[in-house]
Protein chains: 2
Amino acid sequence: MIPKKDGHPHGHETLRARGFRLTEPRRLILDVVRATDVHPTAAFVYRRVRKKLPRVSLATVYRNLRMLAAEGFLAERADAAGMRFDGNTLPHDHFTCLACGRLYDVPARADRAVRARVATRTGFEILNHRAEFYGRCGACRRQTGRSPVKGQRRS
Amino acid sequence: MIPKKDGHPHGHETLRARGFRLTEPRRLILDVVRATDVHPTAAFVYRRVRKKLPRVSLATVYRNLRMLAAEGFLAERADAAGMRFDGNTLPHDHFTCLACGRLYDVPARADRAVRARVATRTGFEILNHRAEFYGRCGACRRQTGRSPVKGQRRS
DNA sequence: TCCTTTTTAGGAATCATTCTCAACAAGGCC
DNA sequence: GGCCTTGTTGAGAATGATTCCTAAAAAGGA
Ligand SMILES: [Mn+2]
Ligand SMILES: [Mn+2]
Ligand SMILES: [Zn+2]
Ligand SMILES: [Zn+2]
């Protein structure tokens, strides 16, 4: 039997499995977010998608980013600079360099104990958590005189 | 010598010490944020301040909240629902109840070890961090059937 | 093919936040 | 008191990210 002619890389088929149609805009949006580690904004994704699909609408990008995040194909994050998306859906923390503004993934995770302690102290049931670290990344530490700068903005 | 007739409670005098004038709008804004534990939005502060100073402008509220936060008299936080302010300037974490939406302070802090571990693993210099926990608060745990609700919005 | 449902593009609307600027208040100094 | 300088305010306009609306196109199913 001949394999389906539109077999895509990644786990795109799971989209269909969960009742999604893998339209052209959706495939491109998902690919853009997954192909970068900058935790892109919707505007960034829009710019990238337009290179392949010039007529795509910004509303379509927002709509599908929201939808893909709601279904767990992407992660959604909010910070002072607005909403960003993360193609890495494994649990991980983040580090923001205050000098260059870059946002890094921090693969390690030290939650179990911390969560348990907070839970017993407060009586809250803890289902999830989020840790953000701030400081200077390796590159910026080497460049002496590069001290924290105010007013980082969007990608 | 007669004491200054405008001696205020709290640490308001420090405002002057740092080169601020303690104007009426500023005093009221600071008092509103310090008097609540709801981590108010600018709109919330605006509503409260207007009760005492009906002619105050929303721009004045934003301007001074930003300024007071920059000087360390308040803390500023961003989440998915927008910018909020915190009268508690001591280092502390937060817990968001996914059922009722309330945001609680978590006075405990388990950072030293976590920070050190992340620093050695990544090579980043860690100057600060932020921890957010999510789950169900004590009140909501008791009310069975009250499960997490989508779309929490502003105060 | 015909019918139904989903998705889209494009533009308008919303809404939080910031900006602009003329008027105003405070303080210092003569 | 008058004058100047500097910081602050209120009102409204501007900005900018996100969402909403809607008619048209696309996809699926039978
Ligand atoms: Mn990430
Ligand atoms: Mn707090
Ligand atoms: Zn850096
Ligand atoms: Zn609750």
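All values below were derived from every heavy atom in this structure, side-chain atoms included, with hydrogens, water molecules and symmetry-related copies excluded. To find a chain, count down the sequence lines: A is the first, B the second, and so on, and within it residues start at 1.
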For this session: Would you mind reading off the distance between B/Leu53 atom CG and C/dA25 atom P, rounded to a whole angstrom?
Result: 13 Å
Exercise. Can a salt bridge be assigned to the pair A/Arg115 and A/Glu125 using a cut-off of 4.0 Å between side-chain N and carboxylate O?
Worked result: no
Exercise. What is the distance, rounded to the nearest whole Å, between atom CZ of B/Arg50 and atom P of D/dT9?
Worked result: 17 Å
Exercise. Do A/Leu103 and A/Leu74 belong to the same hydrophobic cluster, where Ile, Leu, Val, Met, Phe, Trp and Tyr are linked whenever their side-chain heavy atoms lie under 4.5 Å apart, directly or via other members?
Worked result: no
Problem set entry | From C/dT17, C/dT7, C/dA26, nucleotide with atom closest to A/Arg63 side chain | C/dT7
For this session: Find the distance A/Arg77:CZ to D/dT18:C1' and express it as a whole number of Å.
Result: 18 Å
For this session: Tell me which residues in residues 54-62 of chain A put a heavy atom below 4.0 Å from DNA chain C, sorted by number, or none.
Result: A/Arg55, A/Val56, A/Ser57, A/Ala59, A/Thr60
Exercise. OP1 or OP2 of D/dT8 sitting under 4.0 Å from any side-chain N/O of B/Arg26?
Worked result: yes
Exercise. Starting at OH of B/Tyr46 and ending at P of C/dA16, how long is that distance when rounded to a whole Å?
Worked result: 13 Å
For this session: Identify, with sequence neighbours excluded, every residue that meets side-chain contact (heavy atoms from CB on, under 4.5 Å) alongside B/Thr89.
Result: none
Problem set entry | The single option from A/Val56, A/Leu28, A/Val45 passing side chain to side chain contact (heavy atoms under 4.5 Å, CB included) against A/Arg50 | A/Val56
Exercise. Between atom CG in B/Asn64 and atom C1' in C/dT18, what is the gap in whole Å?
Worked result: 14 Å
Exercise. Within the structure shown, what part of the strands sits under 4.0 Å from B/Arg66 by heavy-atom distance: base, sugar-phosphate, or nothing?
Worked result: sugar-phosphate
Exercise. Tell me: CE of A/Met83 to C1' of C/dC15, nearest whole Å?
Worked result: 14 Å
Exercise. With respect to the side chain of B/Thr23, which nucleotide from D/dT9, C/dT8, D/dT18 is positioned closest?
Worked result: D/dT9
For this session: Return the value, rounded to whole Å, for the distance between atom CZ of A/Arg21 and atom C1' of C/dT8.
Result: 12 Å
Problem set entry | side chain to side chain contact (heavy atoms under 4.5 Å, CB included) assessment of B/Asp79 paired with B/Arg84 | CA-CA 8 Å; B/Asp79 63 19; B/Arg84 285 162 176 276; 3.9 Å; yes
Please table the atom pairs, donor to acceptor, closer than 3.5 Å between any side-chain atom in residues 58-70 of chain B and protein atoms at least two apart or in another chain.
unit_1  : atom_1 : unit_2  : atom_2 : d
B/Thr60 : OG1    : B/Arg63 : NH2    : 3.2
B/Asn64 : OD1    : B/Arg26 : NE     : 2.7
B/Asn64 : OD1    : B/Arg26 : NH2    : 3.4
B/Asn64 : ND2    : B/Thr60 : O      : 2.9

For this session: Verify the ring-centre separation between A/Phe95 and A/Tyr134: is it less than 6.0 angstrom?
Result: no
Exercise. Can you tell me how far P of D/dT8 sits from CE of B/Met67, to the nearest Å?
Worked result: 6 Å
